[in-house]
Asker: 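Quick one: this structure, given as structure tokens, is what I'll be asking you about.
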Amino acid sequence: MLKLRIYEVVRAVPSGMVSTYGDVAMIVGGGCDARIVGYALNAIPKTADDPVPWQRIINAQGGISTKGLLQRKLLEDEGIVFEADGRLSLPLFRWSGPTPEWAADHGFTVLPSVQADAGEQLGLF
DNA sequence: CGTATGACCATGC
DNA sequence: GGCATGGCCATAC
């Protein structure tokens, strides 16, 4: 089930950081797509023993795709700062992806493109 | 098994 | 900046 793998990846996103639907899809791999991530997050079981930080997944424009303001509030509580236009700085808050350790431990592959991309941005700052 | 639907994305106007 | 298309592919019915 891709949903479960997606949940695993989302759980790996640290507090105070965000990731995009597309990034999660790339990390999950194996015929995953940004829309699948959205679908999976929408279908998250709301059980307390299975928490998924769904609020840390945003769209590629750095904005919130959900309807209400709950997601934004949760992110702000974690230290995410929003710009005036309601979006956030992806270079600052975008999660660079799981560690190779984590990926190997959970059976994921780390995409070199994501790592190199994040490395440039982090190094820039 | 065919169709419809998405918390998406890139591109083009 | 917004709006329209096409592509994407797992679920649901």
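Within every chain, numbering begins at 1; the chains are lettered A, B, ... in the order of the sequence lines, protein sequences first and strands thereafter.
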Asker: Taking the minimum atom-to-atom distance to the side chain of L41(A), which one of dA12(C), dA7(B), dC9(B) wins?
Answerer: dA7(B)
Asker: Rounding to an integer number of Å, can you tell me how far Y39(A) OH sits from dC13(C) C1'?
Answerer: 10 Å
Asker: Categorize N59(A) for me: base, sugar-phosphate, or nothing, with a 4.0 angstrom heavy-atom threshold over every strand shown.
Answerer: sugar-phosphate
Asker: Grab the CD1-C1' distance between I44(A) and dA7(B) for me, whole Å please.
Answerer: 10 Å
Asker: Could you check how far CG of N42(A) sits from C1' of dC8(B), rounded to whole Å?
Answerer: 13 Å
Asker: Where the side chain of D33(A) is concerned, which of dC9(B), dC8(C), dA7(B) is the nearest nucleotide?
Answerer: dC8(C)
Asker: Using the side-chain heavy atoms of R87(A), tell me which of these nucleotides is nearest: dC8(B), dG1(C), dA7(B).
Answerer: dG1(C)
Asker: Can you find a pair of side-chain heavy atoms, one from D23(A) and one from V9(A), that are under 4.5 Å apart?
Answerer: no
Asker: Of the candidate nucleotides dC9(B), dA7(B), dC8(B), which contains the atom at the shortest distance from the side chain of Q61(A)?
Answerer: dC9(B)
Asker: Considering every strand and a 4.0 Å limit on heavy-atom distances, what is the contact class for L2(A): base, sugar-phosphate, or nothing?
Answerer: sugar-phosphate
Asker: Could you check whether D33(A) pairs with R35(A) (Lys NZ or Arg NE/NH1/NH2 to Asp/Glu carboxylate O, under 4.0 Å)?
Answerer: no
Asker: To the nearest Å, how far apart are I6(A) CD1 and dC8(C) C1'?
Answerer: 13 Å
Asker: Judged by each residue's nearest nucleotide on DNA chain C, which is more toward the 5′ side, D85(A) or G31(A)?
Answerer: D85(A)
Asker: Do E8(A) and R11(A) meet the salt-bridge criterion of a basic N to acidic O distance under 4.0 Å?
Answerer: yes
Asker: Does any non-hydrogen side-chain atom of I64(A) lie less than 4.5 Å from one of I58(A)?
Answerer: yes
Asker: What's the CE-C1' distance between M1(A) and dC9(C), to the nearest Å?
Answerer: 14 Å
Asker: In whole Å, I'd like the distance from the CD1 atom of I36(A) to the P atom of dT5(B).
Answerer: 16 Å
Asker: On a plain distance test, is the side chain of Y21(A) in donor-acceptor contact with the base of dA7(B) below 3.5 Å?
Answerer: yes
Asker: Does the ring centre of W54(A) sit less than 6.0 Å away from the ring centre of Y7(A)?
Answerer: no
Asker: When the distance from NZ of K67(A) to P of dA7(B) is rounded to whole Å, what number comes out?
Answerer: 11 Å
Asker: Under 4.0 Å: is that the gap between some side-chain N or O of T20(A) and OP1 or OP2 of dC8(B)?
Answerer: no
Asker: Side chain of K3(A) only, heavy atoms from C-beta on: which candidate in dC9(B), dA7(B), dA12(C) is closest?
Answerer: dA12(C)
Asker: Give the rounded distance in Å between these two atoms: CZ of R35(A) and C1' of dC9(C).
Answerer: 9 Å
